[in-house]
Participant: 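Would you mind keeping the following structure in view while I ask a few things?
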Amino acid sequence: MIRVQSEDFDIGDEIAIISNQKKNIGGICSFTGLVREFDLNNKIQTMTLEHYPGMTEKQLDKIEKEANNRWELSDSLIIHRYGRLKPKDKIVLVITASIHRKAAFESCEFLMDWLKTKAPFWKMEETDSGSHWVAAKSSDDLEVEKWSTKKK
Amino acid sequence: MIRVQSEDFDIGDEIAIISNQKKNIGGICSFTGLVREFDLNNKIQTMTLEHYPGMTEKQLDKIEKEANNRWELSDSLIIHRYGRLKPKDKIVLVITASIHRKAAFESCEFLMDWLKTKAPFWKMEETDSGSHWVAAKSSDDLEVEKWSTKKK
Amino acid sequence: MRILYFANFREKMGLSEEIIILPSNVSNVRLLVEWLSARNELSSTLFTDHELIRVAVNQEIVEFDTEINSDDEVAFFPPMTGG
Amino acid sequence: MRILYFANFREKMGLSEEIIILPSNVSNVRLLVEWLSARNELSSTLFTDHELIRVAVNQEIVEFDTEINSDDEVAFFPPMTGG
């Protein structure tokens, strides 16, 4: 399931919903992305996430299906927030459940790598020393490229 | 931090405690191991975890330190339960927090791989077709060996 | 044709979307980028460095040689930074 | 010497620990395993296949050539299955 929302979410609740299903789950991996306190040495005041409504949901749906094709998953969830956030606020949550722990780990990392470079979100940071759009990292491109060659 | 206990734990609470610290955390990875419903085609009634009190804590401490040496972690937590559990009960929780998502993912997977083969726990499954000690998987040995050659 | 702008494109253009009448010779993304770039100095700055431009046509990321027509929804934005 | 048994070792031996008087020639883990194996038929079954035996001396996993003395806490168990 995917959700794009401005509201916060509860990690424990989301994991509980997934684990309480009538499925033979062996392990659940989760990754939560947080707004950092500092960007280099600048204190972050706010981070505002802009996205492309419509396209975001389509892209998230697509990549969730891709993860479910590549790995044997019992369930998966992507929640991505947009709007104005503060340091320590949660930005994104990815949960993957599988009978095999490797499948849960790998698919969760795959989804996060993908979100970093392929989900239409942009981050505006307001820091002590002014505002700027967060630049994409070329290291993130490299991470996501690995998955196109890597076997499951 | 490590905890060896018979009581259940709350994943959301544990993640919240870690993320609410005054640290520059970018991402938090968690892995929760659950008692499965089925072992092959046999319905699992209970799973009883036996461990080696004293040694367990020592080994968990050691591997947590090792993870913190290998990766730049803001915090880490290992909770491992023992005693009589039912299907869907949580067995183990590993949480790793870092400014870098790769460090969080890799260290969490490292800790789980290590727990599978090096933590002194043993599992007795009671199924529809009788009781047996769960055999160690040679695939788990291979996973843990990867970390001795893999660079961080 | 409907054009959407996000992030620094929206900010610099001062608008989040516009409707343009597509000249008949602007048949793919590259030609559209060049056409936009030629409109004025501001556009020129934004649309010159192709490395910093990402384009979606009908909500799918596309390459610059993708053909377009006036019914398409085209969006311009910088490299994405989700997660 | 204090010997602890876990999992199938505890179950088959019918005890979780025992104190033994270590013969002076039993100076390492391999010799202890052979000595235990020779005690009776039950022990023989449990201690013959070394692949299925793991040994901890003073709560650290060790190899069979590790030296031991009567002050050590030695534990026998099958391959571990945590997590």
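Note on naming: letters A, B, ... go to the chains in the order of the sequence lines (proteins, then strands), and numbering restarts at 1 for each one.
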Participant: Which one wins on heavy-atom pair count under 4.5 Å against chain D: B:M112, B:K118, B:K137, B:R81?
Facilitator: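 That would be B:K118.
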Participant: In Å and rounded to the nearest 0.5 Å, what is the OG to CD1 distance from B:S107 to B:I95?
Facilitator: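 If I round to the nearest 0.5 Å, the distance is 11.5 Å.
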Participant: Need one label for D:A7: side chain, backbone, both or neither, based on atoms under 4.5 Å from any heavy atom in chain B.
Facilitator: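 Both parts, heavy atoms under 4.5 Å.
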Participant: Are D:F9 and D:F47 close enough that their ring centers fall under 6.0 Å?
Facilitator: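 Yes; D:F47 has its ring centre under 6.0 Å from that of D:F9.
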Participant: Check each atom of D:R10 against the heavy atoms of chain B and say whether the ones under 4.5 Å are side chain, backbone, both or neither.
Facilitator: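 Contact with chain B is through the side chain of D:R10 alone.
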Participant: Enter the distance from D:Q59:CD to B:K62:NZ here, rounded to the nearest 0.5 Å.
Facilitator: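 Result: 11.0 Å between the selected atoms.
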Participant: Sub-3.5 Å donor-acceptor pair from the side chain of B:Q21 to the main-chain atoms of B:K23, do we have one?
Facilitator: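 No, the answer is negative, given that no donor and acceptor are paired below the 3.5 Å cut-off.
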Participant: For the residue pair D:F77 and B:W122, categorise the inter-ring angle as parallel (less than 30°), tilted (30 to 60°) or perpendicular (more than 60°).
Facilitator: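 Plane angle between 30° and 60°, so tilted.
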Participant: Give, as side chain, backbone, both or neither, the part of D:E11 having an atom under 4.5 angstrom from any heavy atom of chain B.
Facilitator: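 For D:E11, the contact with chain B is made by the side chain alone.
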Participant: Does any heavy atom of chain D fall under 4.5 Å from the side chain of B:K58, the backbone, both, or neither of them?
Facilitator: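 It is the side chain, since no backbone atom gets that close.
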Participant: Is D:L52 close to chain B through its backbone or its side chain, or both, or neither, when contacts mean heavy atoms under 4.5 Å?
Facilitator: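 For D:L52, no heavy atom lies under 4.5 Å from chain B.
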